[in-house]
Undergrad: 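Before I ask anything, let me first share the structure, which is written out below as structure tokens.
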Amino acid sequence: MNITALKGVNDILPREIAKWDYLESCAKKVFSIYGYRQIKIPVIGESRLFVRSIGEQTDIVEKEMYTFTDRGQRKIALRPEATASVVRAYLEHKLEGQDLARLFYSGPMFRGEKPQSGRNRQFYQIGVEALGCEHPQLDAEVIILALEFLNKLGLKKFSLNLNTVGCTNDKDNFAKTLKTYLKGKLDQLCPNCQNRYKRNVLRTLDCKVKSCQKVIQSAPNMIDAVCPGCSCHFDRVKSTLDSLSVCYNIMPHLVRGLDYYTKTVFEITHADLGAQNAICAGGRYDNLIKELGGTKTGAIGFAFGTERTILAAEAENIDFPKEEGASVYIIGLGQASDEKVFELAQTLRKNQISCYLNYNTSRALKKQLRQADKLKHRFVLILGEDELKSNCILLKDMDKGTQESIEIKNVVSELKNKLNK
Ligand code: ATP
Ligand code: MG
């Protein structure tokens with residue numbers, strides 16, 4: 001039997017974990033300074049939650065969602081994103097008394113897309129949602145928060161793209177305007193966009209196919225079509241960002257692939273990534289809370305793709321913390337050392353010194369040393385027959401390449417000293 005991981009569903013191996021932890025810890029530090037609190041939402045939820053919020057005619061719901069019927073005949077989906085679930089939790093638990101709640105999350109999402117670099121079927125997101133407020137300054141806060149996270153990581157080659165899609169009314173009106181513009185040009189659009197034209201015309205603006213982009217280039221702009229209220233909101237967002245000297249590009253054709261977005265939408269792209277260059281996407285969703293049963297109030301959020309952000313950080317040669325092996329690798333030579341090395345490992349662990357022991361006392365010393373080097377252990381303790389007789393042990397410093405014989409009873413204090421514990 002040869003079972004491998006599913007296509008587009010990756011293992012994150014121990015050697016990669018330091019990077020993932022670093023991303024999460026940077027996010028947590030920045031988000032908590034801005035008053036955001038962590039929430040963990042379930043990986044599965046009722047399908048209709050996602051269908052209702054993301055939109056029936058979106059790529060995610062139509063083509064990408066993993067759904068199944070459980071034993072109670074309930075229609076369940078693996079979450080394709082987190083916003084809908086966070087809103088559900090906010091309403092269900094009356095978070096912050098349903099006043100402004102600042103929340104963040106991180107975890108896996110699932111979409112049945114074609115796997116490629118930067119596009120997986122199980123991928124991770126780190127995101128933020130601020131729920132219960134329509135103030136344009138909140139938009140600026142959330143956007144700045146996303147940028148601050150990247151600053152904290154030490155990234156430089158990213159850019160912020162910004163647009164407004166207006167309110168539901170504006171979106172409906174603009175969809176008509178866009179349809180009129182595209183009507184005579186349908187034959188120049190890709191089959192996907194011909195379909196989008198009928199079902200979700202705004203998405204054509206997002207198409208990456210060259211022939212479509214050519215048509216879209218001269219399409220009317222959303223910014224020119226939004227109502228005075230939405231236009232004023234957007235002006236305030238921009239002026240707040242300006243007042244803090246935040247750089248952004250206005251992208252009049254930027255739309256998001258989910259139906260719930262209204263007013264401000266944004267994405268952050270990275271210069272060193274290929275086709276999948278968006279590391280973060282977000283926007284306002286002022287109707288979603290009401291649609292899911294709450295009172296009408298605004299909200300805004302964003303999500304970073306964790307894998308893509310790591311790719312971007314690697315491309316910029318960010319100084320990630322190094323993976324650390326256990327501090328000490330213990331080698332026992334010959335069966336007689338069995339008990340002593342086991343006992344020693346326990347003593348070290350009790351003294352908060354991490355160690356690795358492989359129980360194989362017949363393995364050649366050379367091989368074990370190579371292994372210790374590969375797994376980046378700082379020290380090696382070797383207990384052979386001679387040492388056993390004299391109650392001593394060899395302590396090898398792998399960084400310095402030195403070794404000394406010390407009395408077993410002094411091992412803990414010696415190591416603590418060397419490890420500055
Ligand atoms: P894209 O246009 O790349 O498909 P999207 O509009 O579907 O992105 P969102 O749903 O807004 O993306 O998700 C926010 C971020 O999550 C994206 O900017 C990206 O970094 C990441 N992301 C989305 N889908 C995937 C995926 N299948 N694999 C890896 N990362 C993803
Ligand atoms: Mg997508």
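Indexing begins at 1, ligand by ligand and atom by atom, following the structure's order.
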Undergrad: Begin from the C-alpha positions of Gln122 and Tyr124 and carry the test side chain to side chain contact (heavy atoms under 4.5 Å, CB included) through to its verdict.
TA: CA-CA 7 Å; Gln122 175 172 337; Tyr124 288 72; 3.0 Å; yes

Undergrad: Who passes ring pair (Phe, Tyr, Trp, His ring centres under 6.0 Å) against Tyr260, sequence neighbours left out?
TA: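 Here the qualifying residues are Tyr285.
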
Undergrad: Applying salt bridge (charged side-chain N to carboxylate O under 4.0 Å, His left out), which residue pairs with at least one partner in residues 288-311 are found, sequence neighbours left out?
TA: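 Sorted pair list: Glu134-Lys296.
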
Undergrad: With under 30° as parallel and over 60° as perpendicular, where do the rings of Phe266 and Phe302 fit, or are they tilted in between?
TA: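 Rings of Phe266 and Phe302: perpendicular, as their planes differ by over 60°.
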
Undergrad: Output all residues satisfying ring pair (Phe, Tyr, Trp, His ring centres under 6.0 Å) with His233, sequence neighbours left out; order by chain, then residue number.
TA: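 Once residues adjacent in sequence are excluded, His233 has no partner under the ring pair (Phe, Tyr, Trp, His ring centres under 6.0 Å) criterion.
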
Undergrad: List the protein residues in contact with ligand 1, where contact means a heavy-atom separation under 4.0 angstrom.
TA: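 The 4.0 Å shell around ligand 1 contains Arg111, Glu113, Gly118, Arg119, Asn120, Phe123, Gln125, Arg256, Ala278, Ile279, Cys280, Ala281, Ala303, Gly305, Arg308.
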
Undergrad: Going through the distances and angles, do Lys418 and Asp397 end up as a salt bridge (Lys or Arg N to Asp or Glu O under 4.0 Å)?
TA: CA-CA 9 Å; Lys418 288 182 192 295; Asp397 185 322; 5.5 Å; no

